[in-house]
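First the structure, in the form of structure tokens, and then the observations on it.
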Amino acid sequence: GAVVSQHPSWVICKSGTSVKIECRSLDFQATTMFWYRQFPKQSLMLMATSNEGSKATYEQGVEKDKFLINHASLTLSTLTVTSAHPEDSSFYICSARAPPTSGRASYNEQFFGPGTRLTVL
Amino acid sequence: AQSVTQLDSHVSVSEGTPVLLRCNYSSSYSPSLFWYVQHPNKGLQLLLKYTSAATLVKGINGFEAEFKKSETSFHLTKPSAHMSDAAEYFCVVGGIQGAQKLVFGQGTRLTINP
């Protein structure tokens with residue numbers, strides 16, 4: 001099946017620093033990737049939709065300048081948490097959607113990465 | 001707009017007994033519906049999906065769900081619970097063609113008692 005990886009799986013950083021999280025589709029090309037945030041014991045909340053070669057579309061209430069998203073290739077999207085603060089501590093999960101013509105995925109199915117646990121001290 | 005409601009935040013069953021996790025959805029169009037499972041500190045795994053084909057959908061690990069349009073429901077069931085089924089389960093609704101976003105339910109934590 002389609003595999004999506006994330007790196008790192010966990011990271012601890014000091015307040016005020018920036019952290020970059022990578023999301024890769026390992027065996028398919030993903031024209032669209034999604035970034036979610038999950039607080040403890042809560043559901044996933046979509047942060048932004050990332051399309052290869054264009055600017056990300058952010059959900060209402062998500063700060064574009066704080067959560068920088070780059071989708072430079074069909075297999076890689078990055079999320080950079082800038083000037084991180086303790087309230088940014090969360091579980092960040094990415095997903096990737098293969099093009100409908102790929103034959104690999106049903107329409108609208110997203111393949112999820114294992115997540116990145118961010119702790120800001 | 002689309003939304004999904006998981007009716008129980010926590011379900012506890014004994015090993016070997018049936019599992020029922022309830023989900024109701026709201027959608028202006030014929031939706032795509034999914035059930036995902038998340039084990040502690042892990043990513044999401046797709047259990048099954050409904051995409052306007054058969055209304056009874058069979059998934060992995062013995063799970064199945066039935067799409068009932070008249071009741072706007074997509075409940076997840078399993079005849080016999082196993083200890084390894086203990087996890088968080090999410091009912092998810094997706095859009096029609098061209099709408100890519102998934103909307104997640106609040107999640108149901110399934111506990112299996114020995």
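In the text below, chain A, chain B and the rest are named by the order of the sequence lines, each starting its count at 1.
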Heavy-atom distance under 4.5 Å to chain B: side chain of Leu44(A), backbone, both or neither? both
Taking the six-membered ring for Trp, are Phe34(B) and Phe74(B) ring centroids under 6.0 Å apart? no
With a cutoff of under 4.5 Å between side-chain heavy atoms, which Ile, Leu, Val, Met, Phe, Trp and Tyr residues group with Met47(A)? Val11(A), Val19(A), Ile21(A), Trp35(A), Tyr58(A), Val62(A), Phe67(A), Ile69(A), Leu79(A), Val81(A), Tyr92(A), Leu118(A), Val120(A)
Using only non-hydrogen atoms and a strict under-4.5 angstrom cutoff, which residues of residues 107-114 of chain B touch chain A? none
Ser80(B): which residues meet the side chain to side chain contact (heavy atoms under 4.5 Å, CB included) condition with it, sequence neighbours left out? none
Where does Glu59(A) contact chain B at under 4.5 Å (heavy atoms): side chain, backbone, both or neither? side chain
Derivation and outcome, side chain to side chain contact (heavy atoms under 4.5 Å, CB included), residues Leu76(A) and Glu22(A): CA-CA 7 Å; Leu76(A) 174 64; Glu22(A) 294 185 347; 4.1 Å; yes
Side chain, backbone, both or neither of Gln38(B) within contact of chain A (heavy atoms, under 4.5 Å): side chain
Any salt bridge (charged side-chain N to carboxylate O under 4.0 Å, His left out) pairs touching residues 81-93 of chain B, not counting sequence neighbours? Lys78(B)-Asp85(B)
Heavy atoms of other groups near Lys55(A) NZ, more than 12 under 6.0 Å: no
What option among Ser43(A), Ser9(A), Gly113(A) has the most heavy-atom pairs under 4.5 Å with chain B? Ser43(A)
Atom group of Leu46(B) that falls short of 4.5 Å from chain A, counting heavy atoms: side chain
Would you call the rings of Phe104(B) and Phe90(B) parallel, tilted or perpendicular, where under 30° means parallel and over 60° means perpendicular? perpendicular
Using modelled atom types only, decide if a donor and an acceptor are shared between the side chain of Ser14(B) and the backbone of Thr17(B) within a distance under 3.5 Å. no
